[in-house]
Engineer: 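One structure coming up, written as structure tokens, with questions to follow.
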Amino acid sequence: MKIHGYWLASGILGVTGSILQRIRNSCADVVVTKSLGLHPRKGHLGPILTVSHGGLLNAVGLTNPGIDGFADEMRVLKEASVPVVLSIFGATPEEASEVARKGERMGPIAIELNLSCPHAEISQIAHDPDLTYRFVTAVKAKASCPILAKITPNASDYVEVAKAAERAGADAIVAINTLRGMKIDIHQRRPVLGNKVGGLSGPPIFPVAVRCVYDLYQELSIPIIGVGGVSNWEDAVEMHLAGASAIQIGTALLNGIGIIAEIKSGVHQYLEENGLSDVSEIVGAATRC
Ligand SMILES: Cc1cc2nc3c(=O)[nH]c(=O)nc-3n(C[C@H](O)[C@H](O)[C@H](O)COP(=O)(O)O)c2cc1C
């Protein structure tokens, strides 16, 4: 699988086939589903979303219909030839591999293994290289499609975690998931989110994502899919220069789904103005200075 292009990030627009199809029609090269587990899950009590410092704080809590509950939506997407990456999670390596086994039968182009949701029980996996290795190995054993491992910047040694995923056979690394954060209501004197702690996304995390991709690019041989705060074509170019072969866009879509088309055309124009013919010519260029 060639890792390139501009994708919808996991979780931003859920798992409804018609909505994911609409994003595909608005120029997304690939759509990534909300993370799916073995069983349906209600998620956290509200409020589950708030804004803070130009970003979004969410504590959705991995609400999803379960892998079997997604089958009908996937059928809609397959019929419309939408390239779908199935995002999955599991509480144990065995559970994740079972979700992967069921998910692969639905025909995604790849499986993205969420090892890093900061406000759910799985938050600790991508803090531990050995655990990460076990999860990726278990999923690889049950699915023959490409496996993308999604990591967190909340881990102090995310490079070691990504290297463990690579050793276990991951085909690419997705960096980054949201950063742990919270917001307190000064009038009620209590945390705003029902779960108290949530994950920060959007523009405030962009420099963190760039740093992670830059660090990873120098240590890994597999491609990196950059995600975190990309909001315009300049951000996309910066993310490519740090080392991202492909880019996912999440929170920026809340300002309008035309953003992916705008980013693509901006990057294209940048390449043209600089006498370059393909984005691969700038991937990781900033690491060679
Ligand atoms: C409301 C919301 C729900 C999310 N749900 C998931 C999820 O289910 N699985 C996952 O791997 N990432 C999830 N994410 C994280 C995004 O995929 C992405 O990694 C993160 O938001 C950073 O990108 P962005 O700043 O472009 O949004 C979610 C993010 C938001 C804002």
Engineer: Using side-chain heavy atoms (C-beta onward) and a distance below 4.5 Å, is Ile225 in contact with Ile3?
Structural biologist: yes
Engineer: Distance from Ile249 atom CD1 to Ile260 atom CD1, nearest 0.5 Å?
Structural biologist: 4.5 Å
Engineer: With hydrophobic residues grouped by side-chain heavy-atom distances under 4.5 Å, do Ile151 and Val227 end up in a single group?
Structural biologist: no
Engineer: Under 3.5 Å, side chain of Arg75 to main-chain N/O of Gly17, donor-acceptor pair present?
Structural biologist: no
Engineer: Please give the remaining members of the hydrophobic cluster of Leu179, linking ILVMFWY side chains under 4.5 Å, ordered by chain and number.
Structural biologist: Leu57, Ile176, Leu193, Leu200, Ile205, Val208
Engineer: Is a donor from one side chain sitting under 3.5 angstrom from an acceptor on the other, for Asp128 and Tyr133?
Structural biologist: no
Engineer: Are the side chain of Asn154 and the backbone N or O of Arg180 linked by a donor-acceptor pair below 3.5 Å?
Structural biologist: yes
Engineer: In Å and rounded to the nearest 0.5 Å, what is the OG to CD1 distance from Ser245 to Ile222?
Structural biologist: 10.5 Å
Engineer: With sequence neighbours excluded, tell me which residues meet side-chain contact (heavy atoms from CB on, under 4.5 Å) with Ser97.
Structural biologist: Ala138, Lys142
Engineer: Going by distance alone, is a donor N or O of one side chain under 3.5 Å from an acceptor N or O of the other, for Thr178 and Ser201?
Structural biologist: no
Engineer: Quick one, Val15 and Pro65 - any side-chain contact, counting heavy atoms below 4.5 Å?
Structural biologist: yes
Engineer: With no hydrogens and no angle check, just 3.5 Å: does a side-chain donor-acceptor pair link Glu112 and Ser10?
Structural biologist: no
Engineer: Side chains of Lys183 and Val51, heavy atoms from C-beta outward: is any pair under 4.5 Å?
Structural biologist: no
Engineer: Please tell me if the side chains of Lys150 and Leu115 come closer than 4.5 Å, counting only heavy atoms from C-beta onward.
Structural biologist: no
Engineer: Looking at Tyr6 versus His240, is the centre-to-centre ring distance below 6.0 Å?
Structural biologist: yes
Engineer: If you measure from the Lys or Arg side-chain nitrogens to the Asp or Glu carboxylate oxygens, is any gap between Glu166 and Lys163 under 4.0 Å?
Structural biologist: no
Engineer: Pick out which of Thr137, Asp171, Ile88 makes a side chain to side chain contact (heavy atoms under 4.5 Å, CB included) with Ile147.
Structural biologist: Asp171
Engineer: Should we say atom CZ of Arg22 is surrounded by more than 12 heavy atoms from elsewhere, each under 6.0 Å from it?
Structural biologist: no
Engineer: Do Leu38 and Lys102 make a side-chain contact, defined as non-hydrogen atoms from C-beta onward lying under 4.5 Å apart?
Structural biologist: yes
Engineer: Heavy-atom count around Ile109 CD1 within 6.0 Å, excluding the residue itself: above 12?
Structural biologist: yes
Engineer: Please answer: with hydrophobic residues joined when any side-chain heavy atoms are less than 4.5 Å apart, are Val32 and Ile23 in the same cluster?
Structural biologist: no
Engineer: Do Val30 and Leu8 come close enough that some side-chain heavy atom pair is under 4.5 Å?
Structural biologist: no
Engineer: How many angstroms lie between CG in Leu36 and CG in Leu62, if you round to the nearest 0.5 Å?
Structural biologist: 10.0 Å
Engineer: How about Tyr217 and Val283: do any of their side-chain heavy atoms sit closer than 4.5 Å?
Structural biologist: yes
Engineer: I'd like to know if the side chain of Gln218 reaches the main chain of Tyr214, judged simply by a donor and an acceptor atom lying under 3.5 Å from each other, with no hydrogens or angles considered.
Structural biologist: yes
Engineer: Give a yes or no answer on whether the side chain of Asn64 reaches the backbone of Gly37 with a donor-acceptor pair at less than 3.5 Å.
Structural biologist: yes
Engineer: Hey, what do you get for CG (Asn255) to OG (Ser231), rounding to the nearest 0.5 Å?
Structural biologist: 7.5 Å
Engineer: Residues two or more places apart in sequence or in another chain: which of them pass side-chain contact (heavy atoms from CB on, under 4.5 Å) with Ala285?
Structural biologist: Leu241, Arg288
Engineer: For Met239 and Ala209, which heavy atoms make the closest approach, and how far apart are they?
Structural biologist: CE-CB, 3.8 Å
Engineer: Please name the pair of heavy atoms, one in Ser116 and one in Asn177, separated by the smallest distance, quoted to 0.1 Å.
Structural biologist: OG-ND2, 3.1 Å
Engineer: Is Thr16 reaching over with its side chain to a backbone N or O of Ser18, donor-acceptor style, under 3.5 angstrom?
Structural biologist: no
Engineer: Between Glu262 and Asn232, is there a side-chain heavy-atom distance shorter than 4.5 Å?
Structural biologist: no
Engineer: Do you know which two heavy atoms are closest between Thr63 and Lys34, and how far apart they sit?
Structural biologist: O-CE, 3.4 Å
Engineer: For the side chain of Ser52 and the backbone of Gly55, is there at least one donor-acceptor N/O pair under 3.5 Å apart?
Structural biologist: no
Engineer: Identify the two heavy atoms, one from Pro129 and one from Ala164, that lie closest to each other, and give their separation to 0.1 Å.
Structural biologist: O-CB, 3.3 Å
Engineer: I need the Ile111 CD1 to Asn114 CG distance, nearest 0.5 Å.
Structural biologist: 13.0 Å
Engineer: Side chain of Asn58, backbone of Leu49: donor and acceptor closer than 3.5 Å?
Structural biologist: no
Engineer: Please check if Ile259 and Ile19 belong to a single hydrophobic cluster, counting links between Ile, Leu, Val, Met, Phe, Trp and Tyr side chain heavy atoms closer than 4.5 Å.
Structural biologist: yes
Engineer: At their closest point, which heavy atom of Thr287 faces which heavy atom of Ala242, and how far apart are they?
Structural biologist: CG2-O, 3.7 Å
Engineer: Could you state the interatomic distance from NZ (Lys196) to CD1 (Ile184), rounded to the nearest 0.5 Å?
Structural biologist: 11.0 Å
Engineer: Checking the side chain of Glu281 only, and the main-chain atoms of Asp278 only, is there a donor and an acceptor separated by less than 3.5 Å?
Structural biologist: yes
Engineer: For Gln21 and Ala80, indicate whether the former's side chain and the latter's backbone hold a donor-acceptor pair under 3.5 Å.
Structural biologist: no
Engineer: Does Glu234 CD have over 12 foreign heavy atoms under 6.0 Å away?
Structural biologist: yes
Engineer: Taking a hydrophobic cluster as the set of Ile, Leu, Val, Met, Phe, Trp and Tyr residues connected by side-chain heavy atoms closer than 4.5 Å, whether directly or through intermediates, do Trp233 and Val279 fall within one such cluster?
Structural biologist: yes
Engineer: Could you pull out the closest heavy-atom pair between Ile173 and Ala162, with the gap in Å?
Structural biologist: CD1-O, 3.8 Å
